Undergrad: 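Input: one structure, supplied below.
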Amino acid sequence: GLVAGLNAARKAGSLDPVIFSRSESYIGVLIDDLVTRGVTEPYRMFTSRSEYRLALRADNADGRLTNYGHQLGLVGANRFAHFTHKMTTIAVAELRLRHLMISPSVAQSFNLPVNLDGVRRSAFELLSYPHIEWCDLARAWPELQEVSPAVIEHLSTEAKYSVYLDRQQSDFDRIKRDALMDLSIFDLEGYAGISGLSNELQSKLNMIRPRSIAQARGIEGMTPAALGLVAAHAKKRLSASIDG
């Protein structure tokens with residue numbers, strides 16, 4: 001496709017190939033899966049199989065890829081200047097939101113529904129709540145009415161996703177910590193007892209018998225959520241065997 005043609009042209013010009021990582025683009029996910037996992041699993045084409053799917057969204061594609069386009073000469077000066085101005089404006093507005101703090105009692109006085117737990121929250125954190133919109137924040141901070149609709153839309157989306165992205169990062173960190181976990185504890189009973197693990201992955205795990213979480217990660221169709229289930233169940237079984 002486009003990447004193959006681009007790299008063929010760069011090779012002809014004695015230039016280094018362009019490499020898109022899994023965390024930056026869906027094309028990076030697809031190419032990596034095709035190269036490392038082969039073509040036997042049709043689900044590789046599903047965006048739901050990307051571990052970074054929450055960050056690889058259509059609404060933030062320009063922020064992820066425009067710099068690449070500029071470096072490769074595919075984005076002109078005018079467009080790149082417009083992009084740079086947009087991203088700078090968004091960054092300034094986000095920093096502003098993160099520094100605007102409010103106590104629960106004051107928030108409730110502006111009809112912002114938060115728990116009266118004594119914890120001060122930023123405007124960005126409040127915007128992440130499903131029942132709070134930008135216009136609600138503007139009651140407490142009237143200066144936010146000056147922000148452009150495009151920036152409001154971008155930051156509202158980022159805030160709403162931030163909770164899930166933080167949770168996703170926690171999953172990645174946990175998997176990284178558990179990478180060397182010994183899975184031999186499954187040798188006798190197998191993986192059938194793991195609630196939430198698909199029959200397909202149970203079958204593959206029972207057939208391949210990975211020695212560690214790191215090895216299990218390379219199985220076709222394996223997801224961070226599934227790895228988390230395997231790691232949690234391995235810890236539970238190990239703890240039970242020690243207590244027994």
Side-chain angles (χ1 to χ4, degrees), residues 22-24 26 47-48 50-67 82-179 194-197 223-233 235-236 239:
R22 296 183 67 91
S23 62
E24 294 173 315
Y26 273 122
T47 55
S48 61
S50 167
E51 66 271 36
Y52 298 101
R53 60 190 176 279
L54 296 181
L56 304 181
R57 309 188 308 272
D59 64 276
N60 65 8
D62 59 340
R64 291 185 283 106
L65 301 173
T66 301
N67 276 320
H82 176 77
F83 165 76
T84 302
H85 174 73
K86 172 188 173 182
M87 299 310 294
T88 300
T89 303
I90 289 173
V92 170
E94 181 177 342
L95 185 63
R96 189 180 189 182
L97 285 184
R98 291 185 181 278
H99 280 83
L100 291 173
M101 304 295 294
I102 196 169
S103 66
S105 58
V106 175
Q108 288 206 353
S109 72
F110 286 106
N111 294 321
L112 295 171
V114 297
N115 293 329
L116 291 173
D117 52 11
V119 177
R120 289 171 59 83
R121 295 170 173 83
S122 70
F124 187 84
E125 184 178 356
L126 292 177
L127 191 59
S128 71
Y129 292 9
H131 50 277
I132 294 181
E133 303 297 335
W134 193 278
C135 58
D136 300 316
L137 298 181
R139 291 198 299 270
W141 296 284
E143 63 270 25
L144 295 181
Q145 297 176 3
E146 304 169 2
V147 179
S148 71
V151 173
I152 289 175
E153 181 179 6
H154 180 93
L155 289 178
S156 296
T157 302
E158 286 294 322
K160 294 296 189 283
Y161 272 100
S162 64
V163 177
Y164 304 103
L165 288 169
D166 290 344
R167 189 179 305 163
Q168 186 181 71
Q169 187 59 52
S170 296
D171 289 341
F172 291 155
D173 292 341
R174 185 180 69 251
I175 291 170
K176 186 176 181 179
R177 290 194 304 269
D178 295 339
I194 303 181
S195 177
L197 194 64
T223 65
L227 286 173
L229 288 173
V230 171
H233 209 74
K235 290 178 182 177
K236 184 177 179 180
S239 176

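The model shown is predicted, which means the values in this text are computed figures rather than measured ones. The first residue of the sequence shown is numbered 1, and numbering continues consecutively from there.
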Undergrad: Looking at N115 and D117, would you say the former's side chain and the latter's main chain have a donor-acceptor pair under 3.5 Å?
TA: no
Undergrad: Got N67 and F83 here, is their nearest side-chain heavy-atom distance under 4.5 Å?
TA: yes
Undergrad: By side chain to side chain contact (heavy atoms under 4.5 Å, CB included), which residues pair with I152, not counting sequence neighbours?
TA: W134, V147, S156
Undergrad: What pair of heavy atoms forms the shortest contact from A226 to L197, and how long is it?
TA: CB-CD1, 3.7 Å
Undergrad: Which residues satisfy the side chain to side chain contact (heavy atoms under 4.5 Å, CB included) test with E133, sequence neighbours excluded?
TA: C135, D136, K160
Undergrad: Could you tabulate the donor-acceptor pairs under 3.5 Å formed by side-chain atoms of residues 54-64, not counting sequence neighbours?
TA:
unit_1: R57; atom_1: NE; unit_2: D59; atom_2: OD1; d: 2.9
unit_1: R57; atom_1: NH1; unit_2: L54; atom_2: O; d: 2.9
unit_1: R57; atom_1: NH2; unit_2: D59; atom_2: OD2; d: 3.1
unit_1: R57; atom_1: NH2; unit_2: E158; atom_2: OE2; d: 2.8
unit_1: N60; atom_1: OD1; unit_2: R57; atom_2: N; d: 3.2
unit_1: N60; atom_1: OD1; unit_2: R64; atom_2: NE; d: 2.9
unit_1: N60; atom_1: ND2; unit_2: A55; atom_2: O; d: 2.7
unit_1: D62; atom_1: OD2; unit_2: K86; atom_2: NZ; d: 2.6
unit_1: R64; atom_1: NH1; unit_2: E24; atom_2: O; d: 2.6
unit_1: R64; atom_1: NH2; unit_2: R57; atom_2: O; d: 3.0

Undergrad: Measure from the side-chain N and O atoms of H154 to the backbone N and O of A150, and report whether any donor-acceptor pair falls under 3.5 Å.
TA: no
Undergrad: Could you check if a side-chain atom of E143 sits within less than 4.5 angstrom of a side-chain atom of R96, using non-hydrogen atoms only?
TA: yes
Undergrad: Any idea how Y129 and H131 line up, ring-wise: parallel (<30°), tilted (30 to 60°), or perpendicular (>60°)?
TA: tilted
Undergrad: Could you check if a side-chain atom of R121 sits within less than 4.5 angstrom of a side-chain atom of V119, using non-hydrogen atoms only?
TA: yes
Undergrad: Give a yes or no on whether the backbone of V114 and the side-chain of Q108 come within a donor-acceptor separation of less than 3.5 Å.
TA: yes
Undergrad: For the residue pair V151 and A93, what are the closest heavy atoms and their distance?
TA: CG1-CB, 3.8 Å
Undergrad: Mark yes or no for whether R139, through its side chain, and F110, through its backbone, hold a donor-acceptor pair below 3.5 Å.
TA: yes
Undergrad: Could you pull out the closest heavy-atom pair between L112 and A140, with the gap in Å?
TA: CD1-CB, 4.2 Å
Undergrad: Looking at CG of L155 and OG of S128, how far apart are the two atoms once the value is rounded to the nearest 0.5 Å?
TA: 12.5 Å
Undergrad: Which atom pair, heavy atoms only, marks the closest approach of S162 to A159?
TA: OG-O, 2.6 Å
Undergrad: In Å, rounded to the nearest 0.5 Å, how long is the span from NE2 of H99 to CG of L97?
TA: 11.0 Å
Undergrad: Has the side chain of R120 got a donor or acceptor atom that lies under 3.5 Å from a matching backbone atom of G118?
TA: no
